[in-house]
A.B. asks: 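Would you mind keeping the following structure in view while I ask a few things?
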2 protein chains.
Amino acid sequence: MGNEIALFRSFISKKGLRNTPEREEIIKEIFSSHDHFDVDELYLRLRQKGSRVSKASIYRNIPLIMESCLIREVWHEDGHMHYEHIYGHGHHCHLRCIQCGKVIEFVDQDLFEIEKRLGTKYDFEILEHRLDVIGYCSECRQHAAAAGDRS
Amino acid sequence: MGNEIALFRSFISKKGLRNTPEREEIIKEIFSSHDHFDVDELYLRLRQKGSRVSKASIYRNIPLIMESCLIREVWHEDGHMHYEHIYGHGHHCHLRCIQCGKVIEFVDQDLFEIEKRLGTKYDFEILEHRLDVIGYCSECRQHAAAAGDRS
DNA sequence: ATTATTGTTGAAACTAAATTGCAATAGGAG
DNA sequence: CTCCTATTGCAATTTAGTTTCAACAATAAT
Ligand SMILES: [Mn+2]
Ligand SMILES: [Mn+2]
Ligand SMILES: [Zn+2]
Ligand SMILES: [Zn+2]
């Protein structure tokens, strides 16, 4: 999978916009890792590799990368937005540890049933669902138990 | 239901904090409507009723009101956080129209099954789930169809 | 190849949400 | 009532995100 660049290039061209080295650097850096990311992190990663791309350019290009369906917003945390890949990643939801921040991705077919049921009941044309399940992972629960904080 | 005030009062006392007229005004105003709300809106509602409570006090008290389980964060939209009642409101999820902003609250028992399944599979102690289902409501779909935008 | 058009860039200014420092005030325990 | 210290309003600050602007560069036309 190194197709993101080509896809984004053609998306940009089709919109009558221009392919620039900055756009290439940004999209490459985003897809150089499979993790969830945020703007600041991405900016630092680019800088560390010697790129001179500005934060303004990242902020300006993220909406385009979302529009091209390569990434999407996942959650707003610590005062800023976080993103993840869509391309090459398939639909999934998140199980998150409130203590250590661990994230587990999962897919549950029943959610599509629920979606369908809701669409019928409330006469909605449903585009997507986002389920976040939050709690304590096994490590964090063990630590808490050892410390005697919770049951 | 006018019990929120008493509950918050005793929560504040138990924490060794102080009950003030500002806290009373804020909690009363929050529970004077059943709608989702944000800080600015709440501030304006208070001012219109002649309250002199500052925004800083609202920002300082919202975390306490959340800690007392009377309200919670629902979603971050238009650059700021939105909240909703928990007390007197029961757990529910949201179906939202991406076009007009309409929000429908629903409860689906299958979600608790999914929760349970995930807890077992990934060894998590689950605290809660949040499901947002987004799409177009029937009115918005009709308008779009009339305008010939989508199928 | 040259030129014209116009989208893109980095830097800096700006906006708005949320937080914090501070001096004045006021709960509430004793 | 007295004292201790939490809370308040205000203003300053911080930070995410947007916008302005002049220099630049991708692309199409000539
Ligand atoms: Mn993910
Ligand atoms: Mn709700
Ligand atoms: Zn954990
Ligand atoms: Zn609608």
Side-chain angles (χ1 to χ4, degrees), chain A residues 5-6 8-30 36-47 49-68 71-83, chain B residues 5-6 8-30 36-47 49-68 71-83:
Chain A
I5 296 121
F8 190 54
R9 268 179 170 280
S10 79
F11 168 84
I12 288 295
S13 295
K14 262 174 206 147
K15 280 209 92 174
L17 302 178
R18 292 174 185 173
N19 283 293
T20 64
E22 291 82 3
R23 293 202 159 125
E24 195 115 340
E25 287 173 42
I26 291 169
I27 202 82
K28 263 189 192 154
E29 189 53 45
I30 287 174
H36 303 112
F37 66 95
D38 59 55
V39 167
D40 214 63
E41 201 182 300
L42 179 61
Y43 174 69
L44 292 174
R45 276 162 55 192
L46 280 161
R47 290 247 119 194
K49 295 191 182 170
S51 170
R52 313 214 119 282
V53 175
S54 68
K55 258 188 204 177
S57 286
I58 298 179
Y59 277 117
R60 281 189 280 236
N61 279 296
I62 279 190
L64 287 170
I65 307 177
M66 289 200 287
E67 203 186 327
S68 71
I71 63 170
R72 68 167 180 180
E73 299 179 342
V74 257
W75 51 66
H76 195 276
E77 195 176 28
D78 301 323
H80 57 266
M81 190 53 71
H82 293 246
Y83 305 86
Chain B
I5 296 120
F8 190 54
R9 268 177 171 280
S10 78
F11 168 83
I12 288 295
S13 294
K14 261 173 206 147
K15 280 209 94 177
L17 302 178
R18 293 172 183 174
N19 282 293
T20 64
E22 290 82 3
R23 292 201 161 127
E24 196 114 342
E25 286 173 43
I26 292 169
I27 202 83
K28 264 186 191 156
E29 189 53 46
I30 287 176
H36 303 112
F37 66 96
D38 59 55
V39 168
D40 214 64
E41 200 182 299
L42 180 59
Y43 174 70
L44 292 174
R45 275 162 55 192
L46 281 161
R47 291 246 119 194
K49 295 190 181 171
S51 170
R52 312 214 119 280
V53 176
S54 69
K55 256 187 207 179
S57 286
I58 298 179
Y59 277 117
R60 280 189 281 236
N61 278 296
I62 278 188
L64 287 169
I65 308 178
M66 288 201 286
E67 201 186 328
S68 70
I71 63 170
R72 68 169 179 179
E73 298 178 344
V74 258
W75 50 66
H76 195 276
E77 195 177 29
D78 300 324
H80 57 267
M81 189 53 72
H82 293 245
Y83 304 87

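Within every chain, numbering begins at 1; the chains are lettered A, B, ... in the order of the sequence lines, protein sequences first and strands thereafter. It should be emphasised that the depicted structure is a prediction, and the values quoted were computed from it without experimental measurement.
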A.B. asks: What contact category does A:Arg23 fall into here, base, sugar-phosphate, or nothing, at under 4.0 angstrom with non-hydrogen atoms?
C.D. replies: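 Sugar-phosphate contact only.
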
A.B. asks: Students often get this wrong, so: under 4.0 angstrom with heavy atoms, is A:Val39 touching a base, only sugar-phosphate, or nothing?
C.D. replies: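 Nothing: the residue A:Val39, judged by heavy atoms under 4.0 Å, touches no strand.
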
A.B. asks: Given atom OH of B:Tyr43 and atom C1' of D:dT8, what is their separation to the nearest angstrom?
C.D. replies: 13 Å

A.B. asks: Any side-chain heavy atom of B:Ile71 sitting closer than 4.5 Å to one from B:Phe37?
C.D. replies: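 SC-SC contact between B:Ile71 and B:Phe37 confirmed.
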
A.B. asks: Closest nucleotide of DNA chain C for B:Asn19 versus for B:His80: which of these residues is on the 5' side?
C.D. replies: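 That would be B:His80.
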
A.B. asks: Taking for each residue the nucleotide of DNA chain C with the nearest heavy atom, is it B:Ser13 or B:Gly79 whose nucleotide lies nearer the 5' end?
C.D. replies: B:Gly79

A.B. asks: Taking atom P of D:dT8 as reference, at what distance in whole Å does atom CG of B:Leu46 sit?
C.D. replies: 13 Å

A.B. asks: Touch check for B:Thr20, heavy atoms < 4.0 angstrom, all strands: base, sugar-phosphate only, or nothing?
C.D. replies: sugar-phosphate

A.B. asks: Across the strands shown, which category fits A:Asp78 at heavy-atom distances under 4.0 angstrom: base, sugar-phosphate, nothing?
C.D. replies: nothing

A.B. asks: Please determine, by modelled atom types, if A:Ser51 and A:Glu25 share a side-chain donor-acceptor pair under 3.5 angstrom.
C.D. replies: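 Side-chain D/A pair, A:Ser51 to A:Glu25: present.
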
A.B. asks: Are any non-hydrogen side-chain atoms of B:His82 and B:His36 less than 4.5 angstrom apart?
C.D. replies: no

A.B. asks: Taking the side chain as everything from C-beta on, heavy atoms only, tell me whether A:Ile26 gets closer than 4.5 Å to A:Ile65.
C.D. replies: yes

A.B. asks: With a 4.0 Å cutoff (strictly under), does any side-chain N or O of A:Tyr59 reach OP1 or OP2 of D:dG17?
C.D. replies: yes

A.B. asks: Consider the side chain of B:Ser57, meaning its heavy atoms from C-beta on, and name the nucleotide among C:dA11, C:dT19, D:dT8 that approaches it most closely.
C.D. replies: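 Closest nucleotide among those given: D:dT8.
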
A.B. asks: Could you give the NE2-to-C1' distance, from B:His76 to C:dA18, as a whole number of Å?
C.D. replies: 10 Å

A.B. asks: What is the distance, to the nearest angstrom, from the CD atom on A:Glu25 to the P atom on C:dG10?
C.D. replies: 9 Å

A.B. asks: Just how far, in rounded Å, is P of C:dT19 from CE of B:Met81?
C.D. replies: 10 Å

A.B. asks: A:Lys55 NZ to D:dT19 C1': how many Å, rounded?
C.D. replies: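 For the pair A:Lys55 NZ and D:dT19 C1', the rounded distance is 17 Å.
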
A.B. asks: Less than 4.5 Å apart, any side-chain heavy atom of A:Arg23 and any of A:Leu17?
C.D. replies: yes

A.B. asks: For the pair made of CG in B:Asp40 and P in C:dA18, what is the distance, rounded to whole Å?
C.D. replies: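 Nearest whole value for this atom pair: 9 Å.
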
A.B. asks: Taking the minimum atom-to-atom distance to the side chain of A:Arg60, which one of C:dA18, C:dT20, D:dT19 wins?
C.D. replies: D:dT19

A.B. asks: Reckon A:Arg52 touches a base, only the sugar-phosphate, or nothing at all at heavy-atom distances under 4.0 Å?
C.D. replies: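 Counting heavy atoms under 4.0 Å across all strands, the contact made by A:Arg52 is with sugar-phosphate only.
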
A.B. asks: Side chain of B:Ala56, heavy atoms from C-beta onward: which of C:dA11, D:dC10, D:dT27 has the nearest atom to it?
C.D. replies: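 Side chain of B:Ala56 sits closest to D:dC10.
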
A.B. asks: What's the closest nucleotide to the side chain of A:Asn61 if the choices are C:dT9, D:dG17, C:dG10?
C.D. replies: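 Of C:dT9, D:dG17, C:dG10, C:dT9 is nearest to the side chain of A:Asn61.
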
A.B. asks: Rounded to whole angstroms, how far apart are CZ on B:Arg18 and P on D:dT8?
C.D. replies: 11 Å

